[in-house]
Amino acid sequence: MRNLVTLNKGSLKPLASLSQDATFDVPFELLDSVFDTLSDSITCVLGNLDMGQVEVQQYTKQGAKNILASFTVDSFGDRLLSFTHFADISQLVFVFEQGDIITVTYDPISYNPQEALVEIAGTIDSGISAAQWSYDEETLAIVTRDGNVVLLSKLYEPIAEHHLELEDLKKSKHVTVGWGKKETQFRGRGARAHEREALASLKASGLKGNELRDPTMPYMVDSGMITLMDNRQVSISWRGDCEYFAVSTIEVVADPDDVAQTIERRAIRIFSRDGCLDGASEPVTGMEHNLSWKPQGSLIASVRRSTHLDDEANLEVIFFERNGLRHGEFETRLDLDETIQDLCWNSNSEVLAVVLQNKIQLWTTKNYHWFLKQEIYDDDIKFVKWHAEKDLTMIYGNSQYINVVDFSYKMTQGPTLEPCDNGTSVVIDGRTVNITPLAIANVPPPAYYRDFDTPENVIDAAVSLSNEIYAVLNKETLIIATVPSLKDMKKGYHPVIASKFSKVDCATEFESFRQIAFINDTVVGILLDTDNFTRVALISIEDVAQPHILKIVDTFDKIVLLRSSFDYNSLVYQTKDGTVMQLDSEGQLEQIARFPQLVRDFRVKRVHNLVGNAIGEWDTDSSEIVAFGLTANGKLYANDVLLASAVTSLEITDSLLLFTTAQHNLQFVHLNSTHFEQLPIVEEGVVDERVRSIERGSILVSVIPSRSAVVLQANRGNLETIYPRIMVLAKVRKDILSKRYGEAFVCCRTHRIHLDILHDYAPELFLENLELFIEQVEKVDHLDFFISCLREEDVAKTVYKETLSAGIAHKFDLEPAPLTEMQQYMKKKMFKPETSKVNKICRAILNVLLSTEEYKKKYKQTIITAYASQNPQNLKDALQLIGAIEDDEERDSLLTYLVFLQDANIVYRIALSLYDINLALAAAQKSQMDPREYLPFLQSLYHNEPLRCRFLVDDHLQNYEKALFHLVKIEKEQNDDSQEIAEEILDYVDNLKLYKHALQLYKYENEKQNRIYHLYAKHLCSKQEYNDAGIIYEMLGDYRSAIDAYTSAKEWRNALSLTIENYPEKLVEVAEQLVSLLSYEHNYSATAEIQVEFLDNIEQGVADYCKAYEFDSACLVASKKGRPELLEKTVDPGLGEGFGTVAELLADCDKQVQSQLKRLRELRSKKETDPYAFYGQEAEETDDVSIAPSETSTKESFFTRYTGKTGGTAKTGASRRTQKNKRREERKRARGKKGTIYEEEYLVKSTGRLIQRLDQTRPDALKLIAGLSRRGMLMQAHQIQRSFADLIQLLKDNLIEIYTLSEKDRERVDDNGEVYYIPEIPIPQIADFPKSKVVDF
């Protein structure tokens, strides 16, 4: 869809220094010229080869002239075949037709031609027919006059030599797979009959014999004969990667129609870089010498003049593949006698220059169609060359002048300003102007919607504001074409030429038409170009039939680009220094901005500052005209501010700047502020509405804001219309704030946008106007769709977050990490129905729809949807609504709909819970259940009383408490005065463990409640809840069972109390049983009391008190019972045993603290001095390369030693650990094995456990110290007190050191690759050990 426009054209007339000498009257002509990419200059060769004089001049971009060489060649009347400038080694290379290869080495500092070293690098005695250097300047290909292909290196050493022979033409890679032969055909039934019918048909068509023609072969095979227009020269062309080159020569071969005769045929041979013949072309009649290999492709271009086809005689550019087979062509639309001097591809292979004697045609292709985009007119064109690095810069020359021309792609289109945004696109193809309004019909090239032809080839075209007037520039004429209206265009009307305006009426003979643009529908601006300056002619077309000059504006500068402003109220142009000027219809000029460098495309628009966050509210007092420009190297500027790099195309609307990037993204910038900054980098995983991925290589064609549409063109030429979210959402938000909910709903539904935004963008406004929303949406299906699609998240803050108020440099939002299983579980667990957004909307809609009978009748289905969409679903009310409907057909329809929304099995169960058998049956029939699953049960319900029926239903649904309620009610109705409870109820309660609910039901009936208590006590005993069971048994008077329960619960006081009261003879038995149970639990204090008080076993009681460290109680009992001998016999040994236990414990703890503290210090010292050794790695010698880690490396680092993940998995969030591995990891952490990364954490936690153990031992130690002191064992008491106090002080002194963990050591990575830190281990508080003054010495 792009056209080519001429940005700038400059001419240079080089004069040889010798020709300026009055005594040396020898004319010099321009022989050749090349671009020097190293110094960005032009090197040209002047000479008079008849006299053997040659001079080389260099012209820099700053205008300086350097004479590189001036010398004389020995041969006279020679012809220069090849000239190359090796700027890196300051060498010039000339290849002459008579065989000399001359090198000239010049001084790059002084540029003194007298000091240049001229050498003959070699001579081909037979002469040279053609020569060309490869693009990498490493290999020179030469074809000699005696038919040899010679390859020379850059040092002119021979690489290979091949003699051209006729046998070469037989070497081809033309492959046939036998299509059309019987061996490759499927022969089914009736094949022979079909063959007989086909043969009869072909015979009737004039075929001779019984042989069928191969359908893969052409009707006529070319002989390859050349025409009289062939210049008989040899041509060479290299492929862009320099791996292959092609040679075109004329060969004398036998005539295929008459073997006795010979013809001259032009053939193309393909050679590899090392000089091996790779293939030859198939014969093509009329092919000429022109040869050009596409740099970035496999096609070889040549020319065919079909003079032998009387009816189809034409001049074509044809293409070959590397294997020599034809691969397409296109007609040049030239006269048959026109001479094509050369073919030349530009560096990126997008433009093919067809060089004629007086003009240059530029062709491009899309969708397999070739478009003639531009023509350059001049006289006696000798050569054309493209710049090697600047894709659209060309140099061509004639006998006197060098001409440098810069081109640029231009998307010729209509306005993008609403309501005139029809997406009109104009495509130039020679004399034809193709017009496609993309808003009406998305027609890709080469097809088009409407067109019109002009007398000559088109240079440039423009579209008016109304899209109904078209202005076209030919070489000498301005053409105005119109269409009555777009409606007429839809009916099939093509634009018609309304008038022609000659160049002589507005320009001098030295000026030429270059570009054109519109001001509204009434004025056309034409760029009049000369070599040194440009003017703008303003032509009035208010009367399209009679255009006339308004004014010719002198700009006093060189204009590069001319176009209409965004609002079409003026023209804007860019000069050669990057200045952007504005020109109105009165001819007034105003400077807008100046770009830091020259741009190839730009747009100009007035940008307003947005007031607050309101859409469409602008501050009219604060605005600025801003120019947006795109340079040739992809830099995007807003005035002088760089916005982005690697940009491929741009466009603007009233509120957005759009551009595509080389990263295959379409980006948007809000035009709501005059403050511009560089845009942030687009990272992977961006979900911002300002960034959208597009197909590789796509560029902007047009923007249609009224439809929220953007039209893109892919590399291959096809068009794609997309609807970016940022544009669609802007329209939706505008409709919401304007309360146009119906339009917003349709837009969301069309573009598959979550309908939650209708509520989430303005929740209060939505709820206040809910009835208006219902009336505008109106259709029941649409309301159902809205309700059923609701989700809990606020989409206005997540997926559809508005970026209007975000700063231009604000980082793009990235896609959040997916929730882990735990996060999903917690989210579900923390869900609160009362605060749910979905429930709030559903309740609000129900309040409106249930408020009037009209709504209730019309929106029954919507009401059901609202009930079913709540969380949890309110299916009960929905089924009650359905059950209340009298019309069977409507009820069945609504039930079917409800089953569609919810699982039919759930609907069936809810219907059963309503005790509506008919509704449940209807729901069951709509499910996938086997009728045998539900029919017998439903049939049984019809044969029972209502209460019994309800009991069966609730029991079936496992609503056992409700079922028990119905069962009790049945019993009360049947036996109202009976104090006995039915066995059915007892069995039901006991089987289903409904004791608590049964107790509630019988709370006013003691007898029946006691029956339940009896069952409940048995159940509690089975659950080992003996204490509660004992209380129930005691309450019921079953003391024997109560004693057994209390005994099992180890409630010895309750058990002995009941035994003394009711069974005193069993006191000793029960007491002994209790002592056994309590001793097992180490409850020696209780066993001591039972031994003393109930078993009268004083000695054992004293011993048990000592085991419990209650030495004071032991001494008291011994004294009270008159057994003082027990003090020495029992108490003193008990003190000794307690001393040994506590002393050993303190010694072990002290040893543990000392060893663990030492190990901690070793670990931390090793980590600081040698971190690699600490993490179990050997130190490596790093270099400047290996410092930066590779993402694909799996070697462990500090980070991965802690996490068990590589850098790649930690970065991507991929987790390869199974649940089993996770459990194994936890076990490793708990063990804290020496040498592992968990050892330090384990040691710290082990110290914490030791402190807890000391706290538990402290009371026993204090009792032990007091007992030892009373019995005179002062040294032992002193030792315990000192050891305990010293251990406590040791811990206090080193507590901070032990519990100090670095942040790096606390670093972990979860299963999603997110880095987190384990919580710091809190430092415990250690109380001082209370010292006894008796032994504090």
Side-chain angles (χ1 to χ4, degrees), residues 1-3 371-373 410-474 477-502 513 515-526 538-548 563-564 566-569 571 585 701-707 709 711 719 721:
M1 303 294 283
R2 295 185 297 181
N3 300 318
F371 298 85
L372 176 55
K373 291 296 184 182
K410 175 184 178 181
M411 202 69 72
T412 305
Q413 59 183 11
T416 57
L417 176 68
E418 297 183 69
C420 302
D421 55 334
N422 286 311
T424 302
S425 181
V426 175
V427 179
I428 296 172
D429 187 9
R431 298 183 177 185
T432 304
V433 179
N434 299 325
I435 302 170
T436 301
L438 296 168
I440 299 175
N442 194 339
V443 183
Y448 50 86
Y449 192 67
R450 300 289 181 261
D451 71 336
F452 66 93
D453 291 332
T454 62
E456 296 178 322
N457 290 331
V458 177
I459 297 174
D460 195 13
V463 185
S464 70
L465 179 64
S466 64
N467 299 279
E468 297 171 355
I469 305 175
Y470 309 94
V472 176
L473 288 182
N474 287 160
T477 311
L478 164 65
I479 296 173
I480 306 297
T482 63
V483 66
S485 67
L486 291 177
K487 292 183 179 179
D488 293 324
M489 184 180 283
K490 290 181 182 179
K491 295 176 182 178
Y493 286 89
H494 289 255
V496 178
I497 296 177
S499 61
K500 298 179 181 179
F501 189 80
S502 178
F513 286 163
Q515 295 175 27
I516 190 171
F518 267 95
I519 299 179
N520 294 318
D521 284 356
T522 58
V523 178
V524 171
I526 303 176
L538 300 179
I539 312 297
S540 174
I541 56 168
E542 288 190 28
D543 183 358
V544 293
Q546 296 181 348
H548 62 275
R563 63 175 303 112
S564 304
F566 173 74
D567 56 9
Y568 271 66
N569 287 330
L571 297 176
S585 58
V701 173
S702 186
V703 183
I704 311 174
S706 60
R707 298 193 175 192
V711 183
L719 298 182
T721 300

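Along the sequence shown, residues are numbered consecutively beginning with 1. Both backbone and side-chain heavy atoms feed into the values below; hydrogens, waters and symmetry mates do not.
Shortest non-hydrogen contact noted between Pro495 and Phe452 is O-CB, 3.5 Å. The nearest pair of heavy atoms linking Met411 to Met1 is SD-O, 3.5 Å. Across all their heavy atoms, Pro415 and Cys420 have their closest contact at CG-O, 3.5 Å. Considering every non-hydrogen atom in both Ile479 and Pro455, the closest pair reads CD1-CD, 3.3 Å. The minimum heavy-atom distance between Ile480 and Ala471, with the atom names listed, is CD1-CB, 4.0 Å. Contact record, Pro437 with Tyr449: CD-CD2, 3.5 Å, taken as the closest heavy-atom pair.
Residues Ile704 and Ser706 have side chains in contact (heavy-atom distance under 4.5 Å, counting atoms from C-beta outward). A heavy-atom distance below 4.5 Å is found between the side chains of Phe566 and Thr416. Contact check for Val427 versus Tyr448: no side-chain heavy atoms found under the 4.5 Å cut-off. Looking at heavy atoms from C-beta onward, Asp451 lies in side-chain contact with His494 at the 4.5 angstrom threshold. At a threshold of 4.5 Å between non-hydrogen side-chain atoms, the residues Asn434 and Pro445 do not count as touching.
Atoms CG and OG, on Asp543 and Ser499 in that order, are 8.0 Å from each other to the nearest 0.5 Å. Put simply, CG on Leu571 and CD1 on Ile519 are 3.5 Å apart, with the number rounded to the nearest 0.5 Å. Atom CD1 of Ile435 sits about 11.0 Å away from atom OG1 of Thr412, to the nearest 0.5 Å. A distance of 9.5 Å separates CZ in Arg450 from OG1 in Thr436, rounded to the nearest 0.5 Å. With rounding to the nearest 0.5 Å, the separation of OG in Ser485 from CG in Asn467 is 12.0 Å. To the nearest 0.5 Å, atoms CD1 (Ile539) and CG (Leu478) are separated by 6.5 Å.
The salt bridge (charged side-chain N to carboxylate O under 4.0 Å, His left out) pairs that include a residue from residues 410-436 are Arg333-Asp429, Lys410-Asp460, where partners are two or more places apart or lie in different chains.
Using a distance-only test at 3.5 Å, with no hydrogens or angles considered, no donor-acceptor pair links the side chain of Ser702 to the main chain of Val711. Asn569 contributes no side-chain N or O that, together with a main-chain N or O of Asn520, makes up a donor-acceptor pair within less than 3.5 Å. No side-chain donor-acceptor contact under 3.5 Å links Asp521 to the backbone of Glu468.
Here Phe371 pairs with His369 under the ring-ring contact (aromatic ring centres under 6.0 Å, His included) rule; sequence neighbours left out. Partners of Asn442 under the side chain to side chain contact (heavy atoms under 4.5 Å, CB included) rule, at least two apart in sequence or in another chain, are Leu438, Leu719, Thr721.
Evaluated for a side chain to side chain contact (heavy atoms under 4.5 Å, CB included) with Ser464, the options Val544, Val523, Thr424, Ile469 yield exactly one hit, Ile469. When each of Thr454, Ile526, Val458 is tested with Leu473 by the rule side chain to side chain contact (heavy atoms under 4.5 Å, CB included), just one qualifies, namely Ile526.
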